[in-house]
Amino acid sequence: MLGFPALPLTPKPHCRIFTNTCHSYHNQTPTITCSSSSSFKPTKNPQIQHLSKQGHLKQALHFLSQEPNPSQQTYELLLLACTNHRSLPHAAAVHKHLIDDGFDQDPFLATKLINMYSQLDCLDEARRVFQKTQEKTIFLWNALVRALTLAGEGAEAIALYQEMIRIGVACDRFTYPHVLKACVVSSPSSSISVFHVGKAIHTHILRRGFETQVHVATTLVDFYSKFGLVSYARRVFDGMPEKNVVSWSAMIGCYAKNSRPCEALELFHEMIEEVGDDYPNSVTMVGLLQACAALSALGQGKVLHAYSLRKGLDSIVSVVNALVTMYVKCGSLEAARQIFDQMCRKDVVSWNAMISGYGIHGFGREAIRLFEEMMGAGVEPNVITFVSVLEACSHVGLVEEGKGLFECMVRKYRIFPSVEHYACMVDLLGRAGQLDEAAKIIEMMRIEPDPIVWSSLLGACRIHGNVELAERASIRLFELEPLNAGNYVLLADIYSEARMWDDVDRVKKLLEARGLRKVPGCSWIEVKKKIYSFVSVDELNPQIEQLHALLLQLSTEMKDRGYVPDTKVVLYELDENEKERIVLGHSEKLAVAFGLINSKNGETIRITKNLRLCEDCHTVTKFISKFTNTEILVRDVNRFHHFKDGVCSCADYW
DNA sequence: TTAGGGTTAG
């Protein structure tokens, strides 16, 4: 085994700087207690109990009005019934009764009221109950922090936590998970301060000795995972004296989501050794399947599929959705479709996974057909459905269809286009050569275009050699992402194609001056359930001589048939032979050669690459597929290329 | 009385 691929990091969730909203939670001096004062529990009214459980809220309320002395427990039951049946009018009626019966200052019932209003999406009512209750127990504080976090009011949840600290409320192990989640909830766009708040909370947790508490520590693992800080997450995980399936799954998920799929699979083996084979559950499985999908590890994915069947996890929708995605990303679209068709219950995620699968495999029309089938089945599409189907159109140049879907998204489904949708449209029009229209989309955007939108335009400029527009897009990109080397490389490629060597040099110097380096190309292949990875200069590979010899032989054969190596991606001033040597050593070519040598005759070779496939590799792989009569499936950073008989499924449109 | 990990896109 030659080592695992070094994958680029996925974008980290950004944080947003927020100003403290400074809500005042006290209209009077607070009374702070740490436990409920209710120890006496009178019995429940059996009729009300029965009716509440059956959901006959109206009749239960009728009996309540006739009950001379309703107990705290009776109210607790009624509030639970209102929550379960999601009935706000009944909830308000019970609340009114409760006040009339003198329970309005009962902190136990106040906590239940906050939980109920939170679940019924009445945050204002929850706030009001909190403010009016004088005896503010820790349950009451925690309930409001939770309600605010669940409602996405992260900044306010953090402000409430800070208020707790300020006035000396002793936070407990239930407070921290909520407030840590608030740090992530409150950062849908970007800000670094939310992360710092979480770090400060971690310090507080350490000071109070809660880091070893399993729920708190697991939330910390997840918190660091969401900010891409895998080593921090691992440190917390390793420090846990007690680990359970949730903590293991959180750490496995952390690796899977942060481009460390090999570690996710390794940790799974550690988990099995430490806790036994019965332990992994559906959430563990989802993380592992994501790891296999990231690696395109079809063999290992199949093993996990069999494992899921054995453990009865295959009836859980999230697991099946993850299986569909795993097969899609491992290049086995037929297996994905078979699983999708056999699903007893499909949710929106299942449909999205399959639509997106058709898209990245270059089956745009099938993606649209499945989208229409989804509409016919009455499944409500979401923002991701449209990103998936628009992407599918973009991969094959279905411009009119894409425009129609974009319009239908807004008009029929009232989905306001996000930057991702605009980026899809820019990509769709730009790839198809309608660069002015693509630029117009950006001008007309009602939201600020982000780097994804500009890089879609820059990518399209590269395909169509539009230097002027590329320069305009680059100016914005360099402002927004000054440290993204990929943007500089893309612009240098465009100049190189236009033979504007001075400008190539200028961009290269800019790259160097900023201390940035081009992300090295890396390709990998799974052979007999092991992953073998390659970088362009791979002297460590024991078969390297053999791989080079085979590639040289194939290259000679190709040249005899008129092949001229395309070396424009080499941005250094070297003689043509040296450039040819570099291009021939590209990681995907090495991986293809390795596949030819080490795979069985007639077996499809499956390669994955961390960057976009270069034109020369595309040409050479087409030739190899014909010359060796081998099917070669390459997944690059954007899509699949299926090479067979000298033709690629992308029809050279990518 | 309250608490932790999850599927789809880019």
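What you see is a predicted model, and the numbers here were worked out from it, not measured in a lab. Within every chain, numbering begins at 1; the chains are lettered A, B, ... in the order of the sequence lines, protein sequences first and strands thereafter.
Across residues 378-386 of chain A, A:Ile384 each have a non-hydrogen atom less than 4.0 Å from an atom of DNA chain B (numbered order).
OP1 and OP2 of B:dG5 both lie 4.0 Å or more from every side-chain N or O belonging to A:Thr218. Checking the phosphate oxygens (OP1, OP2) of B:dG6, a side-chain nitrogen or oxygen of A:Lys257 falls inside 4.0 Å. Checking the phosphate oxygens (OP1, OP2) of B:dA9, a side-chain nitrogen or oxygen of A:Lys329 falls inside 4.0 Å. The phosphate of B:dT7 has OP1 or OP2 within less than 4.0 Å of a side-chain N or O from A:Gln290. Taking 4.0 angstrom as the limit, A:Arg173 places none of its side-chain polar atoms (N or O) nearer than this to OP1 or OP2 of B:dT2. Using a 4.0 Å cut-off, some side-chain N or O of A:Lys181 falls inside it from OP1 or OP2 of B:dG5.
In terms of the side chain to side chain donor-acceptor pair (under 3.5 Å) criterion, residue partners of A:Arg365 (sequence neighbours excluded) are, by chain and number, A:Glu401. Every residue two or more places apart in sequence or in another chain that forms a ring pair (Phe, Tyr, Trp, His ring centres under 6.0 Å) with A:Trp248 is listed here: A:Phe237. For A:His361, the ring pair (Phe, Tyr, Trp, His ring centres under 6.0 Å) partners two or more places apart in sequence, or in a different chain, are A:Phe640. Partners of A:His421 by ring pair (Phe, Tyr, Trp, His ring centres under 6.0 Å), not counting sequence neighbours: none found. Residues passing the ring pair (Phe, Tyr, Trp, His ring centres under 6.0 Å) test with A:Phe223, sequence neighbours excluded: A:Phe195, A:Phe227.
Whole-Å rounding puts the A:Ile205 CD1 to B:dA3 P distance at 16 Å. One atom, NE2 of A:His395, and another, C1' of B:dG10, lie 10 Å apart when rounded to the nearest Å. Here B:dG5 presents its C1' atom at 17 Å from OH of A:Tyr224, a figure rounded to the nearest Å. Between the NZ atom of A:Lys136 and the P atom of B:dT1 there is a distance of 22 Å, given to the nearest Å. Atom pair A:Asp172:CG and B:dT1:P shows a separation of 14 Å (rounding to whole Å applied). In this structure, CG of A:Asn638 is placed 14 Å from P of B:dA9, rounded to the nearest angstrom. Distance, A:Ile360 CD1 to B:dT8 C1': 11 Å, rounded to whole Å. Going from atom CZ of A:Phe640 over to atom C1' of B:dA9 covers 15 Å, rounded to whole Å.
For A:Ser356, the side-chain atoms get nearest to B:dA9 when compared with the rest of B:dA9, B:dG4, B:dG5. Ranking B:dG6, B:dA9, B:dT2 by closeness to the A:Val283 side chain, first place goes to B:dG6. For A:Ser318, the side-chain atoms get nearest to B:dT7 when compared with the rest of B:dT2, B:dT7, B:dG10. Taking every side-chain heavy atom of A:Ala250 into account, B:dG5 is the closest of B:dG5, B:dG10, B:dT2. Picking from B:dT8, B:dG4, B:dG10 the nucleotide with the shortest atom distance to the side chain of A:Val349 gives B:dT8. Among the nucleotides B:dA3, B:dG4, B:dT8, the one closest to the side chain of A:Thr219 is B:dG4. The side chain of A:Val286 has B:dT7 as its nearest neighbour among B:dG4, B:dT7, B:dA3.
Between A:His215 and B:dG4, no base-stacking contact is recorded for ring centres under 5.5 Å apart and planes less than 30° from parallel.
Of all the heavy atoms in A:Ile205 and A:Glu211, the pair that sits closest is CG2-N, 3.5 Å. Here the closest heavy-atom approach between residue A:Leu150 and residue A:Ser118 is recorded as CD1-OG, 4.0 Å.
In this structure, A:His215 has its ring center no closer than 6.0 Å to that of A:Phe174. Aromatic rings from A:His395 and A:Trp654 are positioned such that their centres are separated by 6.0 Å or more.
Across all strands shown, A:Thr111 has heavy atoms under 4.0 Å from base atoms, whether or not it also approaches the sugar-phosphate. Using a 4.0 Å heavy-atom distance criterion, A:Ser282 is classed as a base contact. A:Val245 comes within contact range of at least one nucleobase, with a heavy-atom separation under 4.0 Å. Within the 4.0 angstrom heavy-atom criterion, base atoms lie near A:Asn142. Within the 4.0 angstrom heavy-atom criterion, base atoms lie near A:Ile316. A:Val221 comes within 4.0 angstrom of nothing in the nucleic acid, heavy atoms only.
A donor-acceptor contact under 3.5 Å is formed by the side chain of A:Ser249 with the base of B:dG5. Residue A:Asn244 places a side-chain atom within donor-acceptor reach of the base of B:dG4, judged by atom type and a 3.5 Å distance cut-off alone. Side-chain N/O atoms of A:Asn281 and base N/O atoms of B:dG5 include a donor-acceptor pair closer than 3.5 Å.
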- Query: Taking it one step at a time, do A:Arg476 and A:Glu448 satisfy salt bridge (Lys or Arg N to Asp or Glu O under 4.0 Å)?
  - Reply: CA-CA 12 Å; A:Arg476 291 295 297 133; A:Glu448 194 58 34; 3.8 Å; yes
